[in-house]
Number of protein chains: 2
Amino acid sequence: MTDQEGTRRPKYQRIADELRTAIQSGDFAPGDRLPGENDLMSTYEVARMTARQALAVLRGEGLTEARKGAGVFVRAFRPLRRRGVPRLAGEGWGGGRSVWAAEIEDRALVVDQVTVAEEEAGPRIAQALNLAPHDTVCVRSRRFVLDDRPVLLSVSYLAADLVRGTAITRPDTGPGGTYARLAELGHRPVRFREELRCRMPTADETGRLTLPPGTPVVLIGRTAFTEPGRPVELNEMTLDASSYILEYDFDA
Amino acid sequence: MTDQEGTRRPKYQRIADELRTAIQSGDFAPGDRLPGENDLMSTYEVARMTARQALAVLRGEGLTEARKGAGVFVRAFRPLRRRGVPRLAGEGWGGGRSVWAAEIEDRALVVDQVTVAEEEAGPRIAQALNLAPHDTVCVRSRRFVLDDRPVLLSVSYLAADLVRGTAITRPDTGPGGTYARLAELGHRPVRFREELRCRMPTADETGRLTLPPGTPVVLIGRTAFTEPGRPVELNEMTLDASSYILEYDFDA
DNA sequence: TAGTGGTCTAGACCACTAA
DNA sequence: TAGTGGTCTAGACCACTAA
């Protein structure tokens, strides 16, 4: 098994394959410690860098997590459920029949790193909000932390002229949040568009979300409209992909 | 700059930082060739493995792509747009005001790797379709290729009893596809639920989608319902995340 | 204090690409 | 054929963890 030489598959790949199979067959459960660098070096008679390369494959797949000084461990996947259409979802249509098993969590969310500022819109935000690039926007930035684990970054943009002097420019927007305040101003959002992308995180995102290697982020850009062609808010969210299942319901 | 020693940041990270900055500032445009291993070894006076580690950081972020024997190149991101709610989207609500710039492509999709088979449902599929685990399902598997580039894998599950003897069990389901045939059978889907996840690909997915390293996949599980609690089809899709922007529209 | 993962060196040989 | 990225070795020192 160790050195059949019949295949061209590199050593580090074969080692990674064996470990992956062992994880997926349940030989190693989530949280379990895997054979470390030194174990692999003696078991497979390879150099340290080769053993590391094998472990890097699994880490890159999001299957494992290395803790310095302690070892390499199997990661767990226990996602949150985010409903894109809260008022329509879960009304008997699926009867709890999730495609992917997921515990619906009722744990309390803590919001931190709250900032509110006025900035120049810039071309991208201006385009999304039907403004001119040099117009000023109110920028609300927040981080959501669940059980000490950061799971979501949110940055919201609104035309500064629209919200100046209202609770929307304060860290706490009051009951019902930004959308309730917009409604009071006569700009109730009646329609939403969400655009989703998925990619590997930047260094900054990795830091603020404390992401382990091999974890992608989901970017959601949600635009709120008061009527066709009239966007009032753009909310750009960055999610730890391993923490979320996103759900959307719609009619044919 | 090379060896300030004031910071604890590892050499390979500092090298990666400099290259990343150069890419993002436009010094290297998409498709451009970056300094390779040998360049970095002499420029920064490091060993090959250290230069490789720096390049691996950028590759892991999906920013670059290595071509054996040729060099390391900056990758492009030109996503497709997938509308979750085709009939409602783009009707003046946004007026083409995409959050992320994206060319809407009209290129022809080629479908290959088509297989149709009957299998035992198993617990997960049975749960999604309101069946018993040992019930038989019709499994339709396909791959979508756009301009020679595979972008999506699709596997569709339907109760075998429901579709036996119909065009749904043939590779070509005819005009209107599976949903048109279901309608003819008196099981027209009237509602859909999509569940999205994002993670790093498996080896099999990497192969079938020819994914470069550092590219996540998006998993979409779409359930079609004829009435509350009555699912008729589960379609599990695997998308090359770098090829897609996903869009959903809904009312407040 | 023993063991762990993280970083790094200075070499080597290989298959592949492009001139 | 010269250069490239991919694989691999056999060492070394470090900060960190856990007993």
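Computed from heavy atoms alone, side chains included, the values below leave out hydrogens, waters and symmetry copies. This structure is a prediction, so every number in the text was calculated from the model and none was measured.
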(request) Using a strict cut-off of less than 4.0 Å between a Lys/Arg side-chain nitrogen and an Asp/Glu carboxylate oxygen, indicate whether B:Glu247 and A:Arg193 qualify as a salt bridge. (result) yes

(message) Using heavy-atom distances to pick each residue's nearest nucleotide on DNA chain D, tell me which of A:Ala51 and A:Ala70 is more 5'.
(response) A:Ala51

(message) Taking the six-membered ring of A:Phe192 as reference, does the cationic atom of A:Arg222 (NZ for Lys, CZ for Arg) lie under 6.0 Å from its centre and within 45° of its axis?
(response) yes

(message) Between A:Ser42 (side chain only) and A:Asp39 (backbone N and O only), is there a donor and an acceptor less than 3.5 Å apart?
(response) yes

(request) Considering only NZ, NE, NH1 and NH2 on the basic side and carboxylate oxygens on the acidic side, decide whether B:Asp17 and B:Arg20 come within less than 4.0 Å. (result) yes

(message) Side chain of B:Pro10, heavy atoms from C-beta onward: which of D:dG5, C:dT7, D:dT9 has the nearest atom to it?
(response) C:dT7

(request) Look at the side chain of A:Met49 and decide which nucleotide, out of C:dC8, C:dG5, D:dC8, has an atom nearest to it. (result) C:dC8

(message) How many whole angstroms separate atom CG of A:Asp39 from atom C1' of C:dG3?
(response) 10 Å

(message) From CZ of A:Arg9 over to C1' of D:dG6, roughly how many Å is that when rounded to an integer?
(response) 14 Å

(request) Could you tell me the separation between the CZ atom of B:Arg52 and the C1' atom of D:dC8, rounded to a whole number of Å? (result) 11 Å

(request) Starting at atom CZ of B:Arg48, determine the distance to atom C1' of C:dT7, rounded to an integer number of angstrom. (result) 18 Å

(message) Taking the nucleotide of DNA chain D with the nearest heavy atom to each, does A:Gly69 or A:Glu45 sit closer to the 5' end?
(response) A:Glu45

(request) Would you kindly check if the NZ (Lys) or CZ (Arg) of A:Arg140 is within the cone defined by 45 degrees around the ring axis of A:Tyr157 and under 6.0 Å from the six-membered ring centre? (result) no

(message) With a 4.0 Å limit, can you tell me whether A:Thr50 has a side-chain N or O closer than that to the phosphate oxygens OP1/OP2 of D:dT9?
(response) yes

(message) For DNA chain C, which residues of residues 61-68 of chain B approach it to below 4.0 angstrom with any heavy atom?
(response) B:Lys68

(message) Quick check against the 3.5 Å criterion: does B:Thr50 have a side-chain atom that pairs as donor or acceptor with the backbone of B:Val46?
(response) no

(request) Quickly work out the B:Glu37 CD to C:dC16 P distance and round it to whole Å. (result) 16 Å

(message) Output the rounded distance in Å from NZ (A:Lys11) to P (D:dC8).
(response) 6 Å

(message) Taking the minimum atom-to-atom distance to the side chain of B:Asn38, which one of D:dT4, D:dT9, D:dG5 wins?
(response) D:dT4

(message) Can you measure B:Tyr44 atom OH to C:dC8 atom C1' for me and round it to whole angstrom units?
(response) 17 Å

(request) Kindly calculate the angle separating the two end axes of the helix from C:dT1-D:dA18 to C:dA18-D:dT1, each obtained from five base pairs, and round it to 10 degrees. (result) 10°

(request) Tell me which nucleotide among D:dG6, D:dT17, C:dT7 gets nearest to the side chain of B:Gln53. (result) C:dT7

(request) Give a yes/no on whether any side-chain N or O of A:Tyr12 is located under 4.0 angstrom from OP1 or OP2 of D:dC8. (result) no

(message) Whether A:Glu194 and A:Arg82 form a salt bridge (side-chain N of Lys/Arg under 4.0 Å from carboxylate O of Asp/Glu) is what I want to check.
(response) yes

(request) Report the residues that fulfil side-chain hydrogen bond (donor to acceptor under 3.5 Å, both in side chains) with A:Asp112, sequence neighbours left out, ordered by chain and then residue number. (result) A:Arg143

(message) For B:Val111, is there any backbone N or O sitting under 3.5 Å from a side-chain donor or acceptor partner on B:Arg142?
(response) no

(request) Measure from CE on A:Met41 to P on C:dG3 and round the result to the nearest Å. (result) 14 Å

(message) If only side-chain N and O atoms count, and only distance matters, is there a donor-acceptor pair under 3.5 Å linking B:Arg199 with A:Thr215?
(response) no

